[in-house]
Amino acid sequence: MASVRQVQVTFDCAEPERVARFWCEVLGYVVPPAPAGFATWDDFNQSLPPERQGSGFVCSDPAGVGPRLYFQRVPEGKVVKNRVHLDVRVGTGLVGAERLATLEAECARLVALGAARFQLLEADGVEESCIVMQDIEGNEFCLD
């Protein structure tokens with residue numbers, strides 16, 4: 001049996017580049033260099049048939065550790081809760097007031113980028129606190 005070496009997480013969205021650039025800011029990811037033969041992603045995009053222009057965008061972990069994120073344009077909008085979501089792990093190892101302060105500070109930074117705060121899930125004796133949020137197109141994610 002072959003083992004998987006890489007994982008890509010794909011987001012369906014209306015505006016791939018806008019959503020990708022949001023997630024670059026959230027995660028410290030970068031837009032990789034344009035494909036060979038193109039000086040910029042705009043140049044590459046202009047080489048595509050009109051119906052494919054702006055249909056996808058990508059960002060990646062500059063350290064090469066995290067998964068590549070791919071954003072693809074789809075015609076339908078988001079209508080239900082995500083079945084899969086990202087946990088942005090900013091409070092790992094922290095508990096109590098220190099954890100909440102760290103989560104709240106990151107929440108404020110992400111709201112300034114266009115995210116929306118949805119719900120604080122407070123520690124319950126089993127799980128630590130986390131904040132449920134939505135990205136700029138309403139996709140849920142957690143600050144954990």
- Message: Does Ile136 form a side-chain contact (heavy atoms from CB on, under 4.5 Å) with Val19? I'd like the steps, not just the answer.
- Response: CA-CA 7 Å; Ile136 58 177; Val19 179; 4.2 Å; yes
- Task: Check Cys142 against Val132 and note the closest heavy-atom contact, atom names and distance.
- Result: SG-CG2, 4.1 Å
- Message: Quick one, Phe22 and Cys13 - any side-chain contact, counting heavy atoms below 4.5 Å?
- Response: no
- With Phe141, which residues qualify under ring-ring contact (aromatic ring centres under 6.0 Å, His included), at least two apart? Trp23
- Query: Given a cutoff of under 4.5 Å between side-chain heavy atoms of I, L, V, M, F, W and Y, with clusters grown through shared members, what are the other residues clustered with Val95?
  - Reply: none
- Looking at residues at least two apart in the chain, or sitting in another chain, which of them share a side-chain hydrogen bond (donor to acceptor under 3.5 Å, both in side chains) with Gln72? Asp12
- Cationic N near anionic O, under 4.0 Å, Glu17 to Arg73: no
- Task: Please name all residues satisfying side-chain hydrogen bond (donor to acceptor under 3.5 Å, both in side chains) with Arg18, sequence neighbours left out, ordered by chain then number.
- Result: none
- Answer yes or no: is there a side-chain heavy-atom contact under 4.5 Å between Arg117 and Glu104? yes
- Side chain proximity check, Thr92 to Asp144, heavy atoms < 4.5 angstrom: no
- Message: Under 4.5 Å between side-chain heavy atoms, counting indirect links through other Ile/Leu/Val/Met/Phe/Trp/Tyr residues: same cluster for Trp41 and Phe38 or not?
- Response: yes
- Looking at residues at least two apart in the chain, or sitting in another chain, which of them share a ring-ring contact (aromatic ring centres under 6.0 Å, His included) with Tyr70? none
- Message: Quick check: closest heavy atoms across Ala20 and Cys59, and the distance to 0.1 Å?
- Response: O-SG, 4.0 Å
- Message: What verdict does the side-chain contact (heavy atoms from CB on, under 4.5 Å) test give for Phe11 and Val74, after you've listed the backbone C-alpha separation in whole Å, the side-chain angles of each residue and the deciding distance to 0.1 Å?
- Response: CA-CA 10 Å; Phe11 288 73; Val74 296; over 6 Å; no
- Query: Quick one: are Val31 and Phe57 in side-chain contact, heavy atoms under 4.5 Å?
  - Reply: yes
- Message: Using side-chain heavy atoms (C-beta onward) and a distance below 4.5 Å, is Cys107 in contact with Val111?
- Response: yes
- Item | Test side-chain contact (heavy atoms from CB on, under 4.5 Å) applied to Leu103 - qualifying residues, sequence neighbours left out | Val90, Arg99, Ser129, Ile131, Leu143
- Test log, rule side-chain contact (heavy atoms from CB on, under 4.5 Å), inputs Val58 and Phe71: CA-CA 6 Å; Val58 78; Phe71 302 84; 6.0 Å; no
- Please name all residues satisfying side-chain contact (heavy atoms from CB on, under 4.5 Å) with Gln46, sequence neighbours left out, ordered by chain then number. Gln53
- Sequence neighbours excluded - ring-ring contact (aromatic ring centres under 6.0 Å, His included) pairs with any residue from residues 83-122: none
- Message: Quick test of your reading of the model: are Glu15 and Arg21 salt-bridged, counting only N-O distances below 4.0 Å?
- Response: no
- Kindly state each residue pair satisfying salt bridge (Lys or Arg N to Asp or Glu O under 4.0 Å) with at least one member in residues 51-70, sequence neighbours excluded. none
- Task: Kindly indicate whether the side chain of Met133, heavy atoms from C-beta on, has any atom under 4.5 Å from the side chain of Leu110.
- Result: yes
- Message: I'd like to know whether CD of Glu76 has more than 12 heavy-atom contacts from other residues, nucleotides or ligands below 6.0 angstrom.
- Response: yes
- Straight-line distance of Glu106 CD to Arg89 CZ, nearest 0.5 Å: 14.0 Å
- Compare all side-chain heavy atoms of Lys78 with those of Glu137 and state whether any distance is below 4.5 angstrom. no
- Message: What's the separation between atom OG1 in Thr40 and atom CG in Asp43, rounded to the nearest 0.5 Å?
- Response: 3.0 Å
- Task: Measure the spacing between CD of Glu140 and CG of Leu86 and express it to the nearest 0.5 Å.
- Result: 11.5 Å
- Message: Could you list the cluster mates of Val84? Members are the ILVMFWY residues connected by side-chain heavy atoms closer than 4.5 Å, either directly or through other members.
- Response: none
- Please answer: with hydrophobic residues joined when any side-chain heavy atoms are less than 4.5 Å apart, are Leu121 and Val88 in the same cluster? no
- Under the side-chain contact (heavy atoms from CB on, under 4.5 Å) rule, collect the residues that match up with Glu25, sequence neighbours excluded. Leu113
- Using side-chain contact (heavy atoms from CB on, under 4.5 Å) as the criterion, list what pairs up with Ala101, not counting sequence neighbours. none
- When every non-hydrogen atom of Phe44 is compared with those of Pro35, the smallest separation belongs to CD1-CG, 3.7 Å
